[in-house]
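Numbers restart at 1 for each chain; the letters A, B, ... are given by sequence-line order, proteins then strands.
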Amino acid sequence: MANQNDNKDNGQARAATEPSQPTNFIRNIIDEDLKTGSRQTIVTRFPPEPNGYLHIGHAKSICLNFGLARDYGGRCHLRFDDTNPAKEDMEYIDSIKDSVRWLGFDWGDHLHNASDYFGQLYEWAEELIIKGKAYVDDLAAEQIREYRGTLTEPGKESPFRNRPPEENLDLFRRMRAGEFPDGSRVLRAKIDMSSPNMNLRDPVMYRILHASHPHTGDDWCLYPMYDYAHGQSDSIEGITHSICTLEFEDHRPLYEWFLDALGIYAPRQIEFARLNLTYTVMSKRKLLELVREGYVNGWDDPRMPTIVGMRRRGYTARAIRTFCERIGVGKNDSWIEMGVLEDCVREDLNECAPRAMAVLNPLRMVIENYPEDLVEEFDALNHPNDPSMGTRKVPFAREIYIEAEDFLEEPPKGFFRLAPGREVRLRYAYIVKCTGVVKDEKTGEIVEIRCTYDPESRGGSAADGRKIKGTIHWVSAAHGINARVRLYDRLFSVPQPGSDKNGADWKSCLNPESLKALDHCRMEPGLALASPGSCFQLERQGYFSVDIKDSLPGSPVFNRVVTLRDSWAKAGA
RNA sequence: UGGGGCGUCGCCAAGCGGUAAGGCACCGGAUUUUGAUUCCGGCAUUCCCAGGUUCGAUCCCUGGCGCCCCAGCCA
């Protein structure tokens with residue numbers, strides 16, 4: 001059982017293995033563009049800035065862009081939007097590539113960087129200067145802000161706005177040559193200081209930044225802004241549909257302005273609503289804060305909504321892809337319930353995770369009429385609904401552990417597990433009847449359950465055909481291994497931690513119970529060999545993955561991926 | 001009070017003038033040696049509101065209301 005399902009589903013996502021795609025407004029636009037002939041093929045791109053780790057929100061964009069390329073027989077580029085060396089880092093670049101690959105997507109030979117185009121972008125900037133469409137501004141950042149005006153008042157033109165092209169060109173070349181310090185001058189597009197769209201009030205194209213870039217090193221001391229780089233990068237790569245999130249809707253006129261001013265191929269920008277997931281936060285800033293301030297143990301903490309975190313938790317790439325399809329794509333601000341994600345995970349793991357038995361909170365049970373020196377081995381199904389996954393042997397003896405919560409001295413009505421005088425089935429083994437309870441003399445705590453077994457019920461079926469409603473899991477005291485388990489729960493205790501009106505307080509909603517470590521769990525012996533990264537269903541409890549980082553050979557650490565649905569618990573028991 | 005978006009079931013989401021898909025959640029019920037899975041069945045006479053056009057409007061028009069985004073030399 002050790003290594004059967006090592007997250008085997010990491011290959012390229014294929015249409016044939018994915019559920020059928022629901023339609024959405026972007027597909028409608030593409031269909032229309034293809035029909036009218038305004039585009040002949042489909043080329044998309046996923047353009048992360050390498051300044052943080054990817055999260056489930058990025059997964060939505062990745063699945064969208066790569067999924068479109070796949071379904072329309074086009075291609076999707078991975079392009080790093082690396083225009084700001086002050087924030088970007090190689091660590092992030094590597095991690096992003098790894099996450100996209102893990103999700104099951106392949107950019108082929110289309111790995112690009114905005115920085116690949118710095119030379120071309122610079123030439124185009126000179127061109128715009130010569131055409132009188134860009135100028136060097138000596139105003140300080142503070143002044144530029146004042147001159148920009150407000151949402152309701154138009155801005156004022158900079159006194160440097162009407163410098164002659166020759167002077168602009170000279171200044172711009174000297175900016176590039178490193179003659180001026182950071183912040184002393186910028187290159188601006190000459191558009192319209194009174195535009196109701198703030199983005200059109202002479203946006204900055206280049207700023208001076210004497211910083212070393214992960215790819216271009218010290219070749220440049222001035223770097224293009226997003227607005228000046230993104231559309232042209234799309235254009236150079238022949239992107240047909242440039243899909244981004246809603247907050248860039250206001251930038252579209254600017255995106256198109258640059259392309260038009262330069263007279264180059266114009267991709268079509270389409271905006272969609274970013275993902276919000278309940279009980280977690282999605283902004284890079286907040287995630288970074290959780291990591292930096294130690295609220296979680298790193299970017300790959302299994303409670304994080306990062307790809308690396310979810311992967312470590314045991315979420316499968318396939319489950320995440322299913323999720324991204326299921327939630328759809330639209331322009332409504334929406335909050336997806338965490339339950340949807342969890343359900344996708346269950347759906348996938350239910351199919352592929354082998355079953356096993358483990359007791360999280362052990363309670364000793366002694367079967368009084370079972371021979372002391374006898375050990376039997378029972379055949380257990382690795383998957384009750386999939387015989388092809390085979391069986392395994394599970395040892396059984398006189399002393400076993402059962403789950404503490406499976407015994408109640410005074411059972412409420414509807415409880416059909418073990419109680420004094422009652423019978424229950426030990427899965428795959430025998431039917432036992434509770435004959436007594438041993439308690440700690442001082443604390444009154446139940447320390448042991450006494451039972452007798454029905455020798456005629458070998459395997460779990462009563463010879464007389466009587467019905468046994470309850471079946472519980474167990475582990476032989478002498479044969480089970482000791483293991484550590486981490487029970488993970490939602491990171492936040494409120495549905496929308498990020499949307500508080502008094503926004504600064506989001507961290508006070510952290511769920512104090514998001515991680516519970518159990519150090520004395522007992523598991524069936526076969527689990528000693530479980531390989532890191534593999535997933536199991538511990539029957540009646542949930543899906544668990546063998547932690548990739550903390551498991552030692554022969555001593556696995558289990559992360560709870562997600563619980564099983566539990567209608568008994570839900571009923572309020 | 002400028003500009004740009006958005007408002008269809010508790011949460012997502014199709015729908016594009018012809019009489020409200022689907023998923024999740026929820027509520028039954030069947031099977032079950034996981035209170036799991038699976039399986040059946042139920043779940044918007046109504047589409048933010050109010051007018052108008054039309055034989056007919058969630059889809060068109062007008063006017064409201066509500067929510068989100070924009071004043072980084074961030075992306």
Under 4.0 Å between a side-chain nitrogen and a carboxylate oxygen: does that hold for [X] and [Y]?
{"X": "A/E377", "Y": "A/K393", "result": "no"}
{"X": "A/D182", "Y": "A/R207", "result": "no"}
{"X": "A/E249", "Y": "A/K331", "result": "yes"}

Neighbours of RNA chain B within residues 328-339 of chain A, by heavy-atom distance under 4.0 Å: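 Within residues 328-339 of chain A, the residues near RNA chain B are A/V329, A/K331, A/N332, A/D333, A/S334, A/W335, A/I336, A/E337.
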A/F536 ring center near A/F544 ring center (under 6.0 Å):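 Ring centres of A/F544 and A/F536 not closer than 6.0 Å.
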Is [X] near enough to [N] that one of its side-chain N or O atoms lies under 4.0 angstrom from OP1 or OP2?
{"X": "A/R207", "N": "B/rC74", "answer": "yes"}
{"X": "A/S195", "N": "B/rG3", "answer": "no"}
{"X": "A/R185", "N": "B/rC73", "answer": "no"}
{"X": "A/N28", "N": "B/rG15", "answer": "yes"}
{"X": "A/S567", "N": "B/rA36", "answer": "yes"}
{"X": "A/R201", "N": "B/rA71", "answer": "no"}
{"X": "A/R148", "N": "B/rG72", "answer": "yes"}
{"X": "A/K284", "N": "B/rC74", "answer": "no"}

Choosing from [options], which nucleotide comes nearest the side chain of [X]?
{"X": "A/E249", "options": "B/rG4, B/rU34, B/rC69", "answer": "B/rG4"}
{"X": "A/R145", "options": "B/rA14, B/rC12, B/rA71", "answer": "B/rA71"}
{"X": "A/D566", "options": "B/rA14, B/rG35, B/rU1", "answer": "B/rG35"}
{"X": "A/R355", "options": "B/rA71, B/rG3, B/rU34", "answer": "B/rU34"}
{"X": "A/N84", "options": "B/rU34, B/rC70, B/rA75", "answer": "B/rA75"}
{"X": "A/D250", "options": "B/rG4, B/rU34, B/rA14", "answer": "B/rG4"}
{"X": "A/V186", "options": "B/rC69, B/rC73, B/rC70", "answer": "B/rC73"}

Can you tell me the base-pairing partner of [N]? Count Watson-Crick or G-U wobble geometry only, both distances below 3.5 Å, and say none if there is no partner.
{"N": "B/rC39", "value": "B/rG29"}
{"N": "B/rC65", "value": "B/rG7"}
{"N": "B/rG17", "value": "none"}
{"N": "B/rC74", "value": "none"}
{"N": "B/rC47", "value": "none"}
{"N": "B/rC60", "value": "B/rG52"}

Gap between atom [atom2] of [Y] and atom [atom1] of [X] - 0.5 Å precision:
{"X": "A/E342", "Y": "A/L349", "atom1": "CD", "atom2": "CG", "value": "12.5 Å"}
{"X": "A/I270", "Y": "A/D33", "atom1": "CD1", "atom2": "CG", "value": "7.0 Å"}
{"X": "A/I307", "Y": "A/I96", "atom1": "CD1", "atom2": "CD1", "value": "10.5 Å"}

Length of the NZ-P vector between A/K570 and B/rG28, whole Å: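 For the pair A/K570 NZ and B/rG28 P, the rounded distance is 10 Å.
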Position toward the 5' end of RNA chain B (nearest nucleotide), A/R458 or A/S184: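 Residue closer to the 5' terminus by nearest nucleotide: A/R458.
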Whichever of A/T152 and A/G470 has its nearest RNA chain B nucleotide further upstream toward 5':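 Mapping each residue to its closest nucleotide by heavy atoms, the 5'-most match is A/T152.
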Residue of the set A/Y117, A/Y206, A/Y255, A/F118 for which ring-ring contact (aromatic ring centres under 6.0 Å, His included) holds with A/Y228: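 Filter result, single survivor: A/Y206.
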Whole-Å [atom1] distance, [N] and [M]:
{"N": "B/rG7", "M": "B/rC59", "atom1": "C1'", "answer": "14 Å"}
{"N": "B/rU31", "M": "B/rU38", "atom1": "C1'", "answer": "8 Å"}
{"N": "B/rG17", "M": "B/rC47", "atom1": "C1'", "answer": "15 Å"}

N/O donor-acceptor pair, side chain A/Q541 with base B/rU34, under 3.5 angstrom: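 Such a pair does not exist between side chain and base.
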Base B/rG35 paired with A/R540 side chain (donor-acceptor, <3.5 Å):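 Not at all, since no donor on one side and acceptor on the other fall under 3.5 Å apart.
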Other residues, nucleotides, ligands: >12 heavy atoms within 6.0 Å of A/R422 CZ: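 Counting other residues, nucleotides and ligands, CZ of A/R422 exceeds 12 neighbours.
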Sugar-phosphate only, base, or nothing, as touched by A/T83 at under 4.0 Å among non-hydrogen atoms: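 Sugar-phosphate only.
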In B/rG35, glycosidic geometry as syn within 90° of 0 or anti otherwise: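 Base orientation: anti.
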